[in-house]
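Letters A, B, ... mirror the listed sequences (proteins, then strands); counts begin at 1.
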Amino acid sequence: MTPSIAALRARRLPPRWFQRDTELVARALIGCALVHGARAAMIVEAEAYLDERDLASHARFGPTPRNQVMFGPGGVTYVYLCYGVHEMFNVVTGAAGTAGAVLIRAAAPLVGLPEPVDDAALRGPGKLTRALGLSRAHDRRPLDDDALFIARWRRVPAAAIARSPRIGVAYAGAWAARPLRFTLAGHPAVSGPRGKGRG
DNA sequence: CTAAGGATTTCT
DNA sequence: GAAATCCTTAGC
């Protein structure tokens, strides 16, 4: 079943939707559609990155030129380059003055993706941004934009969502173990460990 | 397993 | 300024 971009636009989530607790938003993003231009994909994996206390978060050093948007109000993008190679797409969360963002790590193809499309095409944060045509050019953009937004799509029951430690943050001490990664359990597009379920 | 790759942040 | 670090991926 493939939705139209127009139908997704009608279901667009407003800025206020993102201006809530980061962990709550990360979980609620599973099953939503990330839309850029004519391309859309269903989010199946997302990680919460919290405020200054979270030693895995970019916010851990306080506001800097790069991460400053994390300290503003939710509902805007935060895109940065990692390992000199990969663009990482995040959504800023929470109220102004409280740092927080959610990293979108994997999605399942919905519409408009360049062929061939398979589950691996958007599995992993770097591949996801490449497939959707997102880059740092899209940093700090409002998410209620006509061409870049997130829409309510599939309703996901609580039992279908798995929690696990975040990927690639082993340096963060005790924070590395916290279950701030949310996945659609067993979905083939989820990167790394796929959580509970048959897979 | 490791190299690539460029920017960010923290050090001297 | 210099050096270490980094929310990864593809390719030996």
Handout entry: Contact summary for A/Ala41 and A/Leu122, nearest pair of heavy atoms
Key = CB-CD2, 3.7 Å

Handout entry: Within one Ile-Leu-Val-Met-Phe-Trp-Tyr cluster: A/Met42 and A/Ile5, side-chain cutoff 4.5 Å
Key = yes

Fill in the blank from the handout: Scanning both residues in full, the closest heavy-atom pair of A/Trp175 with A/Arg166 reads O-NH2, 3.2 Å

Handout entry: A/Thr77 and A/Arg141: CA distance, side-chain angles, deciding distance, side chain to side chain donor-acceptor pair (under 3.5 Å) verdict
Key = CA-CA 5 Å; A/Thr77 63; A/Arg141 285 183 47 177; over 6 Å; no

Fill in the blank from the handout: Against the side chain of A/Leu81, the closest entry in C/dT8, C/dC6, B/dG6 is B/dG6

Exercise for the section: Mind listing the closest non-hydrogen atom pair of A/His58 and A/Met70 along with its distance? Expected result: CB-SD, 3.9 Å

Handout entry: Hydrophobic cluster membership, A/Val69 vs A/Leu13, 4.5 Å side-chain cutoff
Key = no

Handout entry: Rounded interatomic separation in angstrom, taking CD from A/Glu87 and C1' from B/dA7
Key = 11 Å

Exercise for the section: Using only side-chain N and O atoms of A/His58, determine if any of them is under 4.0 Å from OP1 or OP2 of B/dT8. Expected result: no

Exercise for the section: Enumerate, in order of first residue number, the stems that involve DNA chain B, defined as 3 or more consecutive Watson-Crick or G-U wobble pairs with both distances under 3.5 Å. Expected result: B:1-4 with C:8-11, B:6-11 with C:1-6

Problem - Ring-base stacking, A/Tyr49 with C/dC7 (5.5 Å, 30° cut-offs) - result: yes

Completion exercise
In whole angstroms, the gap separating C1' of C/dC7 from CG of A/Leu128 amounts to 13 Å

Exercise for the section: To the nearest Å, give me how far apart CG (A/Asn90) and P (C/dC6) are. Expected result: 16 Å

Exercise for the section: Search all heavy atoms of A/Asp145 against all heavy atoms of A/Arg12 and return the closest pair with its distance. Expected result: O-NH1, 3.2 Å

Exercise for the section: List in numerical order all residues of residues 59-71 of chain A for which some heavy atom is under 4.0 Å away from an atom belonging to DNA chain B. Expected result: A/Phe61, A/Thr64, A/Pro65, A/Arg66

Fill in the blank from the handout: Minimal heavy-atom distance between A/Ala176 and A/Pro165, with the atoms involved, is O-CB, 3.4 Å

Practice task
Figure out the CG/C1' separation between A/Asp139 and B/dA7, and round it to whole Å.
Solution key: 13 Å

Exercise for the section: Tell me which of A/Arg130 and A/Tyr171 sits closer to the 5' end of DNA chain C, going by the nucleotide each one is nearest to. Expected result: A/Tyr171

Exercise for the section: Could you tell me the separation between the CD atom of A/Glu45 and the P atom of C/dC7, rounded to a whole number of Å? Expected result: 15 Å

Practice task
Test for a donor-acceptor pair under 3.5 Å between the base of C/dC7 and the side chain of A/Tyr83, counting only N and O atoms.
Solution key: no

Problem - Separation of atom CZ in A/Arg136 from atom P in B/dA7, rounded to whole Å - result: 6 Å

Exercise for the section: Looking only at side-chain atoms of A/Val85, point me to the closest of C/dC7, C/dT9, B/dG5. Expected result: B/dG5

Problem - A/Gln68 atom CD, over 12 foreign heavy atoms within 6.0 Å - result: no

Problem - Distance below 4.0 Å between A/Arg181 side-chain N/O and C/dC7 OP1 or OP2 - result: no

Handout entry: Gap between atoms NE2 and P, on A/His86 and B/dA3 respectively (whole Å)
Key = 16 Å

Fill in the blank from the handout: For A/Ile161 and A/Phe182 the tightest heavy-atom approach is CG2-CD2, 4.1 Å

Handout entry: Whole angstrom value for the distance that separates P of C/dC6 from CZ of A/Arg166
Key = 14 Å

Handout entry: Presence of A/Tyr80 side-chain N/O under 4.0 Å of B/dG6 phosphate oxygens OP1/OP2
Key = no

